[in-house]
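These notes are about the structure you will find just below.
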There are 2 protein chains.
Amino acid sequence: MTAPRAWQVVLDAVERDLLDGRLSPGDHLPPERTLAADLGVGRSSVREALRVLEVLGLIRTAVGSGPSAGAIIVARPGGGMSALMRLQVAAQGFAVADVVKTRLVLEGSIVTDLATGDSPDLASSVQILTAMEGQPLTEAEFLALDAAFHLSLAEASGNQVVTATMAGLRSAIEGYARAGAAGLPSWPATSARLMLEHRGILAAILAGEADAARLAMHTHISGYYAETHLRDH
Amino acid sequence: MTAPRAWQVVLDAVERDLLDGRLSPGDHLPPERTLAADLGVGRSSVREALRVLEVLGLIRTAVGSGPSAGAIIVARPGGGMSALMRLQVAAQGFAVADVVKTRLVLEGSIVTDLATGDSPDLASSVQILTAMEGQPLTEAEFLALDAAFHLSLAEASGNQVVTATMAGLRSAIEGYARAGAAGLPSWPATSARLMLEHRGILAAILAGEADAARLAMHTHISGYYAETHLRDH
DNA sequence: TGTAACCTGTGGTCAGACCACATGTCACCG
DNA sequence: CGGTGACATGTGGTCTGACCACAGGTTACA
């Protein structure tokens with residue numbers, strides 16, 4: 001057995017504490033210095049492990065003293081997923097085309113679930129669409145609300161894994177979406193079309209037409225990327 | 001603007017270098033001490049950032065000297081995805097039920113793609129099945145090969161994002177799959193059924209019957225979890 | 001020519017120090 | 001008695017310097 005690295009000792013200890021119920025969301029981790037002494041490693045090794053946990057979205061750290069200070073278990077997967085996918089796309093571990101394809105699969109499944117489920121809560125989705133249609137938006141503002149709309153559908157489906165993965169995929173290709181928007185012939189025309197498509201997706205969901213909703217979502221996503229990639233010629 | 005944390009400076013610098021093409025897979029990162037001096041931060045902060053990159057599967061580090069030493073861009077998303085999902089399940093950020101549901105969605109999409117694509121390369125999948133059927137296996141051995149089979153299907157689909165996500169989902173619930181197997185009334189009976197289902201999935205793919213393949217996969221996955229969760233009573 | 005000793009550069013780890021900050025405490029003053 | 005301001009405490013954030021283990025190259029020697 002090759003010697004485990006010191007930071008892995010810390011990571012394993014925290015994971016074991018989580019699995020055994022000694023740590024739960026909302027709990028404080030011991031102070032870094034205590035953790036180091038307990039595990040027999042240096043404080044810097046503890047900090048490397050905590051940094052990983054923080055980026056992965058498991059803990060939140062705060063300086064100072066009192067109940068809100070220290071490292072607290074939060075289990076927010078969105079940020080970690082985003083960082084992972086964004087960096088993997090940057091390092092060419094993930095192809096942008098694969099990210100888009102995966103979005104199609106997940107979002108197709110989401111709208112199917114919503115359409116076949118009874119009375120999904122789409123209030124926040126509707127609210128976002130209304131905000132998008134209220135006044136002319138810059139491309140960045142529009143894309144931010146577009147992301148929020150797609151994310152709200154994922155949240156409505158109630159699957160936290162899908163929601164977090166979606167958030168990651170979206171943020172991984174956010175730069176490409178923005179760059180693509182800049183090269184479009186007519187942004188007002190495209191954004192108007194996208195808003196119509198949003199309404200169409202929502203209508204199909206509310207009507208319980210799963211196949212229509214899936215098709216509309218497919219057209220919505222792949223259409224945008226097909227359009228923005230024309231500029232590559 | 002609040003001061004960025006020192007390790008984030010390093011992370012951002014590496015990400016920018018990747019996006020701008022100054023770093024590519026196979027390249028070496030500068031030595032930690034050089035990186036620290038260049039970015040104006042301490043070496044410990046550099047190390048925290050590198051640890052994150054390592055866990056996320058972006059780099060591989062090695063001690064010593066020569067071409068194989070140092071931090072090298074590798075972009076292997078599987079390990080990072082596994083760590084992220086495993087820890088999120090441990091910290092109750094992800095519900096096991098949602099992980100299984102997401103597996104159903106992704107693996108259903110995978111077999112559909114394979115069945116509708118022309119001449120997918122399933123040689124390694126077949127090889128794994130043959131190995132499973134060769135001799136009696138312990139539960140751990142069987143589950144490892146089972147995971148390899150499902151992963152090989154994902155790889156055959158050619159989508160790296162789906163493959164890595166699948167690997168993560170699988171490893172996140174590996175402990176539950178193993179614990180469930182231990183509580184089954186008859187492991188030989190269950191494993192025999194699982195092997196038959198594998199053959200059925202493969203046959204449906206090769207026959208081009210997408211719906212049948214998807215249904216078979218659905219039955220395969222949800223059936224196992226339904227069976228193993230009986231013991232919760 | 002081969003080989004053994006040595007040198008160099010790298011990551012891995014630790015110890016200690018200092019800072020900024022949020023909170024709690026306590027003495028003092030009205 | 002009540003407020004309020006100064007101070008003590010404990011936390012994460014960061015840096016510096018040191019030492020080790022290790023892999024590879026280099027050099028000197030047989």
Side-chain angles (χ1 to χ4, degrees), chain A residues 1-14 17 23 26-76 79-80 83, chain B residues 1-14 17 23 26-76 79-80 83:
Chain A
M1 195 58 174
T2 138
R5 302 224 249 146
W7 58 271
Q8 278 180 330
V9 172
V10 183
L11 226 44
D12 290 347
V14 173
D17 283 349
L23 282 178
D27 288 351
H28 278 72
L29 255 58
E32 296 177 355
R33 292 160 176 87
T34 305
L35 216 42
D38 289 351
L39 297 173
V41 301
R43 189 182 161 210
S44 46
S45 299
V46 171
R47 286 185 57 76
E48 290 179 21
L50 294 191
R51 196 63 52 235
V52 170
L53 292 176
E54 181 176 349
V55 171
L56 258 36
L58 256 88
I59 64 172
R60 158 185 90 66
T61 62
V63 296
S65 93
S68 72
I72 304 180
I73 311 278
V74 293
R76 297 242 174 286
Chain B
M1 198 54 173
T2 142
R5 302 223 249 147
W7 58 272
Q8 279 182 329
V9 171
V10 182
L11 226 45
D12 289 348
V14 172
D17 283 350
L23 283 178
D27 288 352
H28 279 71
L29 255 58
E32 296 177 354
R33 293 161 175 86
T34 306
L35 215 42
D38 288 352
L39 297 173
V41 301
R43 189 182 162 211
S44 47
S45 299
V46 170
R47 285 185 59 76
E48 291 180 20
L50 294 191
R51 195 65 51 237
V52 169
L53 292 175
E54 182 176 350
V55 172
L56 258 35
L58 257 88
I59 64 172
R60 159 185 89 66
T61 62
V63 297
S65 93
S68 72
I72 304 180
I73 310 279
V74 292
R76 298 246 171 282

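Predicted model, so just to flag it, every value in this text is computed and none were measured. Naming convention: chains lettered A, B, ... in sequence-line order (proteins, then strands); numbering from 1 in each chain.
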Rounded to whole Å, CD of A/Glu54 lies from P of D/dG12 at a distance of 12 Å

In 5'-to-3' order, the base (B), backbone-only (S) or no-contact (-) status of each nucleotide in nucleotides 16-23 of chain D, using a 4.0 angstrom heavy-atom cut-off, is B-BB--BB

**Report entry** Touch class at under 4.0 angstrom, heavy-atom based, for B/Arg47 against every strand present
**Finding:** base

CG of A/Leu39 to CG of A/Asp12, rounded to nearest 0.5 Å, is 10.0 Å

When rounded to whole Å, the CG to P distance for the pair B/Leu11 and D/dT14 reads 13 Å

When rounded to whole Å, the CG to P distance for the pair A/Leu53 and D/dG12 reads 13 Å

Separation between CZ (A/Arg5) and OG1 (B/Thr61), nearest 0.5 Å, reads 4.0 Å

NE2 of A/His28 to OG of A/Ser68, rounded to nearest 0.5 Å, is 7.0 Å

Next on the checklist: For a 4.5 angstrom cut-off between non-hydrogen side-chain atoms, does B/Arg51 reach A/Arg51?
Outcome noted: no

Here the distance between atom P of C/dA20 and atom CZ of B/Arg5, to the nearest Å, is 17 Å

Ranking D/dT11, C/dT23, C/dG12 by distance to the side chain of A/Pro67, first place goes to C/dT23

Side-chain atoms of B/Ser45 come closest, of D/dT14, D/dG25, C/dG12, to D/dT14

Rounding to 0.5 Å, atoms CD1 (B/Ile73) and CG (B/Leu58) come to a distance of 6.5 Å

Per atom distances to the A/Ala6 side chain, the nearest of C/dT13, C/dG12, D/dG24 is C/dT13

**Report entry** A/Ile59 side chain reached by A/Leu50 side chain, heavy atoms, under 4.5 Å
**Finding:** yes

When rounded to whole Å, the CZ to P distance for the pair B/Arg51 and C/dC14 reads 12 Å

note: A/Glu32, atom CD; C/dA15, atom C1'; distance rounded to Å ~ 15 Å

A/Leu50 CG to D/dG13 C1', in whole Å, measures 12 Å

Between CG of A/Leu35 and C1' of D/dT11 the distance, given in whole Å, is 14 Å

ask   = Going by an N to O cut-off under 4.0 Å, is there a salt bridge joining B/Glu54 and B/Arg76?
value = no

Of the candidates C/dT13, D/dT14, D/dG12, the side chain of B/Trp7 sits closest to D/dT14

Just to be sure I understand the rule, does A/Arg60 reach a base, reach only the sugar-phosphate, or reach nothing, if contact means heavy atoms closer than 4.0 Å? nothing

Query raised in the report: NA contact type, B/Ala36, heavy-atom cut-off 4.0 Å: base, sugar-phosphate, or nothing?
Result: nothing

